[in-house]
Amino acid sequence: MTSARLKYLSLGVLVFQTTSLVLTMRYSRTLQSDGPRYLASSAVVVAELLKILTCVGLVCKEHSYSVRALSSVLRQEILHKPIETLKLAIPSGIYTLQNNLLYVALSNLDAATYQVTYQLKILTTALFSVSMLGRRLGLYQWLSLLILMAGVALVQWPTDSPGTPEKEQPATGSPFVGLVAVLVACCSSGFAGVYFEKILKETKQSVWVRNIQLGMFGLVFGLFGMLLYDGERVREHGMFQGYNSITWTVVSLQALGGLVIAAVIKYADNILKGFATSLSIILSTLISYFWLQDFEPTSVFFLGAVLVIVATFLYGYESKPTSNPSRA
């Protein structure tokens with residue numbers, strides 16, 4: 001397959017994964033059903049386990065499906081390099097927190113508002129890249145960050161007026177809690193992503209091996225969090241309480257998310273990633289309005305969404321920012 005086809009294939013997969021994860025997660029957290037709802041902490045744990053198994057399979061494929069070679073690689077790269085492995089504990093713990101926060105956010109915000117607001121991770125990633133990797137952003141990129149902040153502010157702008165009778169809407173939780181969850185997730189995403197990139201650049205380990213290391217710590221942190229916050233409910237109804245086909249779809253999409261991003265980084269460029277983000281925002285907005293029916297678009301929201309989409313493209317316009325010579 002040519003590189004051009006791989007580029008657009010990875011773009012399509014990214015749009016599908018991003019949009020479907022947000023929509024199915026939102027649907028699963030607001031679906032009214034008999035019995036207990038599935039635990040977000042449990043879903044995070046299962047997703048980490050699936051990610052580890054998938055990465056082990058990919059490493060095995062890289063070594064011609066040799067179990068002996070796989071065992072040797074994992075032993076050398078994980079057990080025999082404990083310091084390198086421990087470096088992944090920090091981003092892994094932050095990613096685990098972030099994954100739990102996304103469930104909190106989508107339990108309290110509609111998919112469209114979440115999608116647009118979550119693009120603030122571009123801002124946090126840029127700031128951490130400047131401070132941790134010594135990158136220099138160009139004029140267009142700084143301008144795009146200002147436009148991004150303005151767009152998100154408009155999306156979050158309160159629209160209810162005292163004289164307008166409230167429509168009967170399904171319980172959507174607290175928008176403030178959802179906003180705080182998204183903002184903390186954006187900060188954690190920016191820091192963990194840049195930290196992980198810094199580690200990848202300092203070593204020559206396979207990205208799949210690194211993901212196995214991340215998954216191992218993530219599994220431990222996830223289990224600890226599940227027992228700490230939902231231990232009583234797990235003992236009462238079991239870890240897989242409330243699981244159904246929608247839940248397993250959410251878990252699978254979340255597990256594959258990191259692998260899709262890895263493929264996009266390899267084959268696509270910033271412009272295509274911006275295009276994928278824009279498509280995902282548009283699709284999430286349309287489906288939230290027509291299918292989930294938990295979102296009432298306003299002119300202020302559309303203006304904010306357009307600004308965020310423009311900022312996403314503008315940030316990728318200068319795809320090769322100059323690096324700090326001392327860090328090259």
Side-chain angles (χ1 to χ4, degrees), residues 3-4 6-8 10-15 17-18 90-91 94-95 98 114-157 182-203 207 210 257-258 260-282 284 301-328:
S3 59
L6 285 173
K7 179 186 296 186
Y8 289 106
S10 62
L11 169 68
V13 172
L14 178 61
V15 172
Q17 190 272 338
T18 304
I90 295 175
I94 297 175
Y95 278 134
Q98 174 190 333
Y114 163 83
Q115 274 281 64
V116 178
T117 307
Y118 193 48
Q119 299 315 308
L120 275 177
K121 64 184 179 181
I122 297 175
L123 171 65
T124 60
T125 301
L127 296 179
F128 282 119
S129 294
V130 170
S131 61
M132 294 173 62
L133 299 179
R135 284 190 178 147
R136 291 178 181 171
L137 302 182
L139 174 63
Y140 288 110
Q141 291 171 316
W142 284 115
L143 180 61
S144 72
L145 296 180
L146 293 175
I147 295 174
L148 176 67
M149 288 188 291
V152 171
L154 287 175
V155 166
Q156 291 294 335
W157 196 267
V182 173
L183 293 179
V184 176
C186 287
C187 292
S188 62
S189 173
F191 177 78
V194 173
Y195 186 95
F196 187 49
E197 180 183 350
K198 182 178 175 65
I199 291 176
L200 285 176
K201 289 184 174 182
E202 290 176 349
T203 61
V207 66
R210 284 302 195 185
V260 171
I261 294 298
V264 169
I265 290 174
K266 183 175 182 180
Y267 296 113
D269 54 26
N270 284 329
I271 302 297
L272 282 179
K273 283 187 284 185
F275 186 61
T277 300
S278 304
L279 278 178
S280 184
I281 290 174
I282 294 169
S284 296
F301 174 88
F302 278 121
L303 176 59
V306 169
L307 288 178
V308 169
I309 290 172
V310 169
T312 304
F313 275 104
L314 191 60
Y315 186 80
Y317 182 76
E318 291 183 353
S319 57
K320 294 182 179 179
T322 56
S323 300
N324 189 328
S326 64
R327 307 293 290 269

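Below, each value reflects all heavy atoms present in this structure, side chains not excepted, and no hydrogens, waters or symmetry copies. Index from 1, following the sequence.
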Closest non-hydrogen contact found for Ala305 with Val155 is N-CG2, 3.8 Å
Give, for atom CG of Leu143 and atom CG of Leu139, the distance between the pair rounded to the nearest 0.5 Å.
6.5 Å
What pairs with Val13 under side chain to side chain contact (heavy atoms under 4.5 Å, CB included), at least two apart in sequence or on another chain?
Leu9, Val260
For Leu183, side chain to side chain contact (heavy atoms under 4.5 Å, CB included) partners two or more places apart:
Leu120, Leu179
Closest non-hydrogen atom pair between Val194 and Ser129, with its separation
CG2-OG, 3.5 Å
Interatomic distance, Gln156 atom CD to Thr117 atom OG1 [nearest 0.5 angstrom]:
4.0 Å
What heavy-atom pair brings Met132 and Lys198 nearest, and what distance separates the two atoms?
O-NZ, 4.0 Å
Nearest-0.5 Å distance that lies between atom CD in Gln98 and atom SG in Cys186:
8.5 Å
What is the distance from atom CZ of Phe302 to atom CD1 of Ile309, rounded to the nearest 0.5 Å?
10.0 Å
List for me each residue that meets side chain to side chain donor-acceptor pair (under 3.5 Å) alongside Gln115, sequence neighbours excluded, and say none if there are none.
Ser280, Ser284
Between Ile90 and Tyr195, the two heavy atoms sitting closest are CD1-OH, 3.7 Å
If you measure from CD on Gln141 to CZ on Arg135, what distance do you get to the nearest 0.5 Å?
9.5 Å
Using every non-hydrogen atom in the two residues, find where Thr125 and Gly190 come nearest and quote the distance to one decimal.
OG1-CA, 3.5 Å
Scanning both residues in full, the closest heavy-atom pair of Leu307 with Gly151 reads CB-CA, 3.8 Å
Does a side-chain heavy-atom distance below 4.5 Å link Leu137 with Leu145?
yes
Answer whether the closest heavy-atom distance between the side chains of Phe191 and Thr124 falls below 4.5 Å.
no
With a 3.5 Å distance limit and no angle check, can you tell me whether Thr18 reaches the backbone of Val15 through a side-chain donor-acceptor pair?
no
I'd like to check Leu148 versus Val308 (side-chain heavy atoms, cut-off strictly below 4.5 Å). Are they in contact?
yes
